[in-house]
Asker: 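Structure provided below as structure tokens; questions to follow.
Basis for what follows: all heavy atoms, side chains included, without hydrogens, waters or symmetry-related copies. Letters A, B, ... are given to chains in the order of the sequence lines, protein chains preceding strands, and every chain is numbered from 1.
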Amino acid sequence: MEKLTFDMKLDAKGLACPMPIVRTKKVMKELKAGQVLEVEATDPGSTADMKAWAEGIGHQYLGTLQEQGVLKHYLRKASEEESAERSFAAVCDHSELEQRLKSGEPMVIVDVREPAEFAFGHIPGAVSMPLGELEIRLSELDPQQPTYVICRSGLRSDLAAQALSNAGFQQVINVVPGMKDWNGVTEDIKA
Amino acid sequence: MSIRAISVHEVAQKLIRKEPMFILDVRNTDQFQDWKIEGAGIQHLNVPYFDLLDGVEEILEQLPPEEIVVVCAKEGSSIMVAELLSEQGRRAAYMEGGMKAWSEHLVPLKVGDLRHGGELYQFVRLGKGCLSYMAVSGGEAVVVDATRMIHVYTDFARNLNVNITHVVDTHLHADHISGGRAIAQETGAEYWLPAEDAQDVAFAYEKLGHGTEIKLGSGEVSIKALYSPGHTIGSTSLVIDDQYLFSGDILFIDSIGRPDLAGEAGSWAMDLRETLYKRYRDLAEQLIVLPSHFMIMDELNEDGTVAKKLGELFLENHGLNLEKEAFVTMVSQNLPPQPNAYQDIRNTNMGKMSPDHEAQREMEIGPNRCAVR
């Protein structure tokens, strides 16, 4: 299995409810907005509780992997992105993107979310390039090809679209809204 | 103020006596909505423990001044929340072992005496709505549809000074793990299972079929098998001492069995119809029906038992009073969700899987969901 990257890790193995959430809550305070936490736990009830707790408080619950009896939960700390404003002009919605995908014309989808977010559900064929790595990995992309940029809500992709455009990419489109509202086909790490 | 532990036994007794009880259930909302402690005297509030980590001040005004019983999945979170309530000057208890212990708790109740000598007991598993039985006569006992808490039965038999000589499963269960085989192994009793349900089982058993007769003690009390398919293809009812009808998962007090848990809703619907509307119609109306499940607390009698005359069920049970078309629609469409882990439970009961104790507890979480209404 491919390794998921994260910003901080918490070992809650062997702890019974409520301790996995108590510890997670504490560690979350140390994370910066948008960072990803990996929580290792062995309490089978922790999956449902982690999800319900995170969603109630506004953090993103990304998903859970199971490896040799250990549950690995991935959470992303709530960020301010919901309240920020988009400024990149060229946007398209999901139905437009799906039509473009179907047409078979050459194009690339760049998913600028964190690797753990990407791992638990992305559009098939999308390239994972977290916003923070975009600048140093620009050479992996073809500036002549139509480039669709997507994130969770449309805001990180807005920043990414501006950066790509400034770097001379010819046709950059921000997909709005992002993956949180995507109802089309996805691939994930478990598949 | 210190908190106290309340046992599942005490909760069960209060429930059967319909005493008032305020339960603060601190599991997450999905789990609470799926399955909870229910009863006439019970009031609930559900607030997940993870919303109370910073304190319980915000929910205090929703709580009565009486003792609050805090319940969670295993116990840990309920202790934490009960302590927080206690710090605020409230009387609080936590239920020992949580919902897992609740799911495993059995209440033994005497149903009645057998005409030809002996007694009949019902074991009510309040948490899951499962019913199992022990009939005793002449120093011998038969156990029917046993749960995996086998020591409840073996201890009970020891206290009555009787030997368990026969263990019967009326069908291959999909909602709970059978203790039948384990009891038979421990006591040397014969283990009976309908052959049609046992085609893939990985162990030896006695074939229970139409007309099979099992005798207890000196032989005055007999148990006769009646083939009654529909919930499963092998479902078999038992008539004991011409007085009681063990209906398995075919007929309940306020509902009837569902035919889909082995993936055969369509073809078994007519079997179920035939059993309920023909085979059961040929039986004496005076027989007291003893099902293997209940779904709602209203199905319990005043003394906590679940039992009713067949004749009364013919009059009152909605599922026994439908035209053919409406019947088929009811048992094959709009079915409730299937019980938790039902495929794994079936495989365990067939001897194809041997999950450890903790895994068995997890598999059985939630209600039985064997009925359609």
Asker: Pro18(A), Cys17(A), Ala48(A): which one forms the most heavy-atom pairs within less than 4.5 Å of chain B?
Answerer: Pro18(A)
Asker: Are the side chains of Pro367(B) and Asp34(B) in touch, meaning some heavy atoms are under 4.5 Å apart?
Answerer: yes
Asker: Tell me if the centroids of the rings in His122(A) and Trp182(A) come within less than 6.0 Å of each other.
Answerer: no
Asker: Hey, are Asn166(A) and Gln162(A) close enough side-chain-wise for a donor-acceptor pair under 3.5 Å?
Answerer: no
Asker: Give, as side chain, backbone, both or neither, the part of Lys51(A) having an atom under 4.5 angstrom from any heavy atom of chain B.
Answerer: neither
Asker: Measure distances from Gln31(B) to the heavy atoms of chain A and classify the residue's part below 4.5 Å as side chain, backbone, both or neither.
Answerer: side chain
Asker: CD1 of Ile183(B) to OG of Ser178(B): how many Å apart, nearest 0.5 Å?
Answerer: 7.5 Å
Asker: Using a cut-off of under 4.5 Å on heavy-atom pairs, state which of Ala52(A), Ala16(A), Gly45(A), Gly56(A) scores highest against chain B.
Answerer: Ala52(A)
